[in-house]
Structures are given as C-alpha cells and as structure tokens.
Novice: 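Mind having a look at this structure? Questions to follow.
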Amino acid sequence: MGYIELNVLNNNESPLAMGIDLGTTNSLAAVWKEGRPVVIKPDGAPSGSVPSVIHLPERGEAVVGHKAREQAIVDPRHTIFSIKRLMGRGLADVQADLTAFPFPVEEDANGVLRVQAHGREYTPEQLSSLILMRVHDLACRSMGGGEITRAVITVPAYFDDTQRQATRDAARLAGLDVMRIINEPTAASLAYGLDQSATGKIAVYDLGGGTFDISILSIEEGVFRVLSTNGDTHLGGDDFDAALVQLVLERLDQRLSREELADPALQRAARLAAEKCKHELSAKPEADLHLVLPDSGINVRRNVTREEFEALVQPLVQRTLDACRRALSDAGLEPREVSEVVLVGGSTRMPVVRKAVEDFFGRLPHTELNPDEVVALGAAVQAHILTGGSRDLLLMDVTPLSLGLETMGGAVAKVIARNSTIPCQATEGFTTYVDNQTGLDFNIVQGERELASDCRSLGRFKLSGIPPLPAGMARVAVRFHVDADGLLKVTAREESTGATASITVQPKHGLTDEQVETMLADSLTYAREDFEAGRAAGLVTELGTMIRATERNLPHVADDLDPEARADIRDALAEAKAAAETHDAKRLQAARDALEQATLPLAALLMDQVAKKALAGKSLTDV
Ligand code: ADP
Ligand code: MG
C-alpha cells in the first residue's frame, strides 16, 4: 500500500537528468525515478558500476569496464586505470602515481599529460570521457534507449579548479551537458537527505579503491559548506588487497625467482584473487585466497580468517583515523560535535572499518545505502533538483503503520509515524529503569494503538553490556531505519561503552492490506477521544492537500482518462470535500482512501507523461 502525493505535475516540467559518480576505481550513474534516486543497472546485473579501466587495443575501439579490467592481466601495458589521478595535473604532481602505472605518461609543451599507447597519445580528459560515455551509454540503454544528456558529475572535495575543469571537459567530450560539478561528500549527504535537517556537522568518511577522503561539512538551511578535508591519496582498498597478496606470494617464495614473482601478470592475478577473498571476508568469518595461473602452472590456496585479515590491515585503518583526527582539528571540532557520520566507498563494507569509524566518532555511521552507490545517488538527487523537480517525493512509498518500541508498563513509544515516506529513519533515546541494569530488552511493535499488547510485535532483541549505573543514567540511542524496500533495521547503542545490538525485520511481513486496514480502523475505534480528534485534524489537512492537488492536476490529463475513471474521481472529490467539513475520523479516513484509490489512474497517466516526454527527448517546458 502506498500513498500517492499528487504533486506530479509540478515535476512534469522537469526533464530527466543523470547523476554520475566518476570514480578512480569504479564509476556509475543514477537517476531520479518514482520519487527517489536509483542506480541504473542493466537487467539482472547485480550492480550498475563500471570499473574505471580502459583497454586500448592495437586496432579497433577502446574497451571500457569489466572487459578492460580483465585485460590488465594479459595486456597491462595498454590497460589504463586510475586516470582520475591524472585529471588536471602536471607531471610534477603525479610522480608517485607514475611509478605504479605500467603504461607510460608524458607531458606536452603546454603541460598537459598524455598517456602513450601503440604510438598514439591520449589526454586524461579523453580517457575519462571514454569512461563517461560507457557509463552514460549503459545507463541510457538500461532505461530503454532514451537519451539523457544532462548530467551532474561528482568530484572529490579537494579537487582544485583545474581538476574540476578537466572533469567538465571530459564530460563535454563524452557529449554530456554538465549541469553542475558537485563534491562527492556533499552528494553522499544529499543521498541521505541530510540537507533537510536544520543544522549540524557531518563527517563523510570515503574509503574507495585507491584513495581515502575524510570531509567535514556543515549544513545550514540546506546549504553545505566544506569545513575541512583530509585523507590520503594513496590509501584504499588496493592496500588491503596488497596485504593479502603478500600472504599468497609468501607461498611462492621458494618456488619462484625474484623476477618471476615480479611478473606483472602474476601480480595482477594475485591482486584479483586477493580482492575476491577480501570481499568474501566482509560477509563471512573466513575465506579462501585462491591463485591460479594455468600458463605458469601456479595453483595456490590459502585459508584466511577475518581475524587474521583484520590484524593484518589494522595499520591501514589507523592511518584513516589519523586523517580523521587532522580533519576534525582543522575544523576546530571534537569527534562528538559531529552529528552525522556517513560512510562512502566500497571499502567501508569491511566490518573492521565500520567498527573503527563508529568507535572513533562515538556514533553509528550511516550505512543504510550501498556505500559504493551513495555518491551517484546523491548526484541524481542534485540533478533532479536542478531540473526543477521538488525534493518532495513524486510518488511515495510510506510506512503503512507506525513503528515503535514497547516501553516500561507496556505502552508504545512511536519512533516512526505512520505514513512516513520511505526510506526514513529516526532515533530515540532510552534509558534503564532499575539501578545497575546491564541489559535492555526491546520489543519492536507496529500499529496505532497505545498499548504494545494491541499492536503487532515485529521482533525482539536484547542490548547487553550496559555499564551498571543508577536507573535512568544509561543513555541508549535506538535508531529505526526503513530502507527503500520497506525493510526495517533497528539498532540500539549504549553511548558510553559503544555496545550495540541490532535486528532487521520486514515491517509489512505477514500483514495483508486488509489487516493493516483493520488495525487502523481499530485504532480509530478504540483510541482516546483526544487522539481521535488529533487524527481527524490530521486527516482534514491531508485531505485538503489531496483535494487541491487533484483539482490542479486533473485538467492536464482529463482527456486521456476514460469517463468511468473521471466519474470516480469526481465522486471521490465530492465526498472528500463533504468529509473535510466533519470531524468524523472514520469518514475522513474512508474519504481519503477512496480519493487515493480513485486518483491512481490519474497518477499513472501523469507519470507516463513525464516518462514519455523525457524519452522523446523533448523539452517538457514545451508541453
Ligand atoms: P572509488 O571511489 O575509488 O572509485 P569504490 O567506492 O567503488 O571506489 O570502492 C572500490 C573498492 O571497494 C575496491 O577496493 C573494492 O575491493 C572495495 N570493495 C567493494 N566491495 C567490497 C566488499 N564487499 N568488501 C570489501 N571491500 C569491497
Ligand atoms: Mg568514490
């Protein structure tokens, strides 16, 4: 069940634009669709991300993405990676990178870098444009062939003007119309909707493939400001891979000569094997590190436990925290003055990293969105806003019933109100009620009734490890997060020790729409009178909005609606207006639901129009 906000026509005039995360390791695109940003993936693909790797064959077209990445083993000399590091830079800036590149780079008379391959020369802008073209092309094709040329592209917060200009030029070469270049940490914050919170300080911790960036932002009235940035341009997932490569190569020490060990093909294969093992270790307590090179008769397997891996990479994690300390000090802040922490970059999927960041800032970081997608998602939000779309969602999915926790005495503390648009989140503070209590039991409930026993229990979990304190002294933050799929994750964290516990539940699971209706009706029947009056007032407001939106939007599509649908809408409108004059919550509720139902075809038509016009590549302002 969903609640449809009929503001669609307000957004009707906005053509679609794309958000693109042009990453050092991976790049991907996202668009605004049905009221939220989504990453564009080819059908059935697990992810939409394209490795930022280009293979330049002797003859024929350049290959970009996964296929190019495979070429790194067989043809490292012509397989270009990390091109982002060269954007807008001169030879002197990138000495350290060059030693790691198996392909030659030179500087021309104007100080522009050029990558050499097969006697040809390519500027970083040209190579980046190949990545952008690939991402753009894949995205357009996945969306059904329409052409979207407007884009918002992200860059690291520390990129200077030249680097930003180079990124713009790359986009132009790729045939894109750049609406805006925005900072990656800002994009990540937008994806989490942090622009909508009043004021605060945000730490964005971005650990990617080869780089680490920590940015401290301030948000005020929806405007982000970068207070400080820090990081390490040579610290990222690759270094975590390298730690594992050492492990597997130790096995070959005896058998292979030094030259053989240094062979680029062996090195690349070992790196790929290490990365695969690392990914598995993010999900499992142990994994195999398996290196096979049939041509050289190499086949080694080594089991690695997560514990062993975490010990191995501890120094790397510490280095990221050192940078966090410097960034905070530059911003003149203490860790606890940061109100939100956002995790970005594929490498923050590693539990050891998450834990370290949580401990450092003393709060739960945002991890609800995929860390490798969050920048592209935020770019799509920005693109949507820039094309005149409102941040108010077009077509919203909402929580059908309120979500809360049972409190002392069996009452319910509502944490997320019914009809909150998802994804959404809220945090509530709880405490202990007897002295020296070291554990808290949480019962998560769904429903509108005042007593937990009248609501539906979705799950229980226990937080232990609370230090023994007088009653009411422990501070436990409980965060509810409902993701875009309606999955609820509840996390409790005791502030002084950092002890956490969490549970994931599907709030709608097992409840049919009728049950939801019954539970709603029950709550209206049984609730106290003041509650009833409050609900009625809320419904009158809601109905008012819906009536206005319907009346505004109806003329635009009236001709395309069949007469029956039109009549339904007219009837529902009439009843809605009549109900709005009463304080009868039940009647209001019914009128609201009926209007929602009747306007479904209207909403569908509006959505259709938006999509068709956009796909036809027409300017919607002309409609
Ligand atoms: P960038 O911003 O540098 O382009 P990404 O944010 O895409 O990079 O991060 C890429 C890095 O994330 C790679 O080093 C990759 O191995 C790592 N990574 C991706 N998924 C996981 C995982 N499940 N566990 C650990 N590391 C991961
Ligand atoms: Mg990135």
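Heavy-atom basis, side chains included; hydrogens, waters and symmetry copies ignored. Whatever order the structure lists them in is the order used to number ligands and atoms, beginning at 1. Position 1 is the first residue of the sequence, and the numbers go up from there.
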Novice: Taking non-hydrogen atoms only, is Glu275 closer than 4.0 angstrom to ligand 1 via side chain, backbone, both or neither?
Specialist: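 The answer is the side chain.
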
Novice: Return the CG to CZ distance between Leu207 and Arg354, rounded to the nearest 0.5 Å.
Specialist: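 Those atoms lie 12.0 Å apart.
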
Novice: Which value, rounded to the nearest 0.5 Å, describes the distance between Arg251 atom CZ and Arg302 atom CZ?
Specialist: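 Those atoms lie 5.5 Å apart.
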
Novice: Any N/O of Asp372 closer than 3.5 Å to an N/O of ligand 1?
Specialist: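 Not met; the criterion fails.
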
Novice: Hey, which atoms in ligand 1 end up nearer than 4.0 Å to a heavy atom of Gly209?
Specialist: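 Within the 4.0 Å cut-off of Gly209, ligand 1 contributes 1 (P), 3 (O), 8 (O), 9 (O), 10 (C), 11 (C), 13 (C), 14 (O).
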
Novice: Pairs of nitrogen or oxygen atoms closer than 3.5 Å, one from Ser282 and one from ligand 1: do any exist?
Specialist: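 It does: an N or O of Ser282 is found under 3.5 Å from an N or O of ligand 1.
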
Novice: What's the separation between atom CD in Glu280 and atom CD in Glu286, rounded to the nearest 0.5 Å?
Specialist: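 The CD atom of Glu280 sits 11.0 Å away from the CD atom of Glu286.
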
Novice: For Lys278 and Gly237, indicate whether the former's side chain and the latter's backbone hold a donor-acceptor pair under 3.5 Å.
Specialist: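 Yes, because the side chain of Lys278 sits within donor-acceptor range (under 3.5 Å) of the backbone of Gly237.
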
Novice: Which residue supplies the protein heavy atom nearest to atom 2 (O) of ligand 1, what is that atom called, and how far is it?
Specialist: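 Checked against all protein heavy atoms, atom 2 (O) of ligand 1 sits closest to Gly208 CA, 4.1 Å.
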
Novice: Could you find the nearest protein heavy atom to atom 19 (C) of ligand 1 and give me its residue, atom name and distance?
Specialist: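 Here the nearest protein heavy atom works out to His279 NE2, 3.4 Å.
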
Novice: Give a yes or no on whether the ring-centroid distance for Tyr205 and Phe361 is below 6.0 angstrom.
Specialist: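 When the ring centroids of Tyr205 and Phe361 are compared, they turn out to be at least 6.0 Å apart.
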
Novice: Near Gly345, which atoms of ligand 1 are under 4.0 Å from a heavy atom of that residue?
Specialist: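 In order of number, 6 (O).
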
Novice: Output the list of atoms in ligand 1 that are nearer than 4.0 Å to some heavy atom of Gly237, sorted by atom number.
Specialist: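 Once the distances to Gly237 are compared, the set is 14 (O).
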
Novice: Using a 3.5 Å cut-off on N or O atoms only, is Leu207 in polar contact with ligand 1?
Specialist: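 N/O-N/O distance under 3.5 Å: no.
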
Novice: Just how far is it from atom CG of Leu364 to atom CD of Glu358, taken to the nearest 0.5 Å?
Specialist: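 These two atoms lie 4.5 Å from each other.
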
Novice: Heavy-atom contacts with Met350 under 4.0 Å: which atoms of ligand 1 show up? List them by number with element.
Specialist: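 Under 4.0 Å from Met350, ligand 1 has these atoms: 25 (C).
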
Novice: Can you find an N or O of Gly23 that's nearer than 3.5 Å to an N or O of ligand 1?
Specialist: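 Such a contact does not occur with ligand 1.
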
Novice: Within a distance under 4.0 Å of any heavy atom of Thr24, pick out the atoms of ligand 1 and give their elements.
Specialist: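 Taking each heavy atom of Thr24 in turn, ligand 1 has 3 (O), 4 (O) under 4.0 Å.
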
Novice: How far is atom 5 (P) of ligand 1 from its nearest protein heavy atom, and which residue and atom name does that atom have?
Specialist: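 Protein heavy atom at minimum distance: Gly346 N, 3.7 Å.
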
Novice: For atom 7 (O) of ligand 1, which protein heavy atom lies nearest, and how many Å away is it?
Specialist: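 Here the nearest protein heavy atom works out to Asn26 ND2, 2.9 Å.
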
Novice: Aromatic contact between His78 and His55, with the criterion being ring centroids under 6.0 Å apart: yes or no?
Specialist: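 Ring centroids of His78 and His55 are no less than 6.0 Å from each other.
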
Novice: Can you name the atoms of ligand 1, numbered from 1 with element, that are less than 4.0 Å from a heavy atom of Thr25?
Specialist: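 Going through ligand 1 atom by atom, the ones under 4.0 Å from Thr25 are 1 (P), 3 (O), 4 (O), 8 (O).
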
Novice: Any N/O of Thr211 closer than 3.5 Å to an N/O of ligand 1?
Specialist: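 N/O-N/O distance under 3.5 Å: no.
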
Novice: Considering the heavy atoms of Arg349, write down every atom of ligand 1 situated less than 4.0 Å from one of them.
Specialist: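 What qualifies from ligand 1 is 20 (N), 21 (C), 22 (C), 23 (N), 24 (N).
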
Novice: Heavy-atom distances under 4.0 Å decide this one: backbone, side chain, both or neither, for Ser347 against ligand 1?
Specialist: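 Answer for Ser347: both.
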
Novice: Would you please name every residue forming a ring pair (Phe, Tyr, Trp, His ring centres under 6.0 Å) with Phe103, sequence neighbours left out?
Specialist: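 Listed in chain order: Phe81, Phe101.
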
Novice: Apply the test salt bridge (charged side-chain N to carboxylate O under 4.0 Å, His left out) to residues Asp359 and Lys355: give CA-CA distance (whole Å), side-chain angles for both, the deciding distance (0.1 Å), then the verdict.
Specialist: CA-CA 6 Å; Asp359 290 347; Lys355 180 80 175 54; 2.7 Å; yes

Novice: Is the closest side-chain heavy-atom distance between Thr491 and Ile503 below 4.5 Å?
Specialist: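 Side chain of Thr491 against side chain of Ile503, heavy atoms only: no contact under 4.5 Å found.
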
Novice: Taking all non-hydrogen atoms of both residues into account, name the closest pair between Ala356 and Val317 and its distance.
Specialist: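 Shortest heavy-atom separation between Ala356 and Val317 comes out as CB-CG1, 3.4 Å.
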
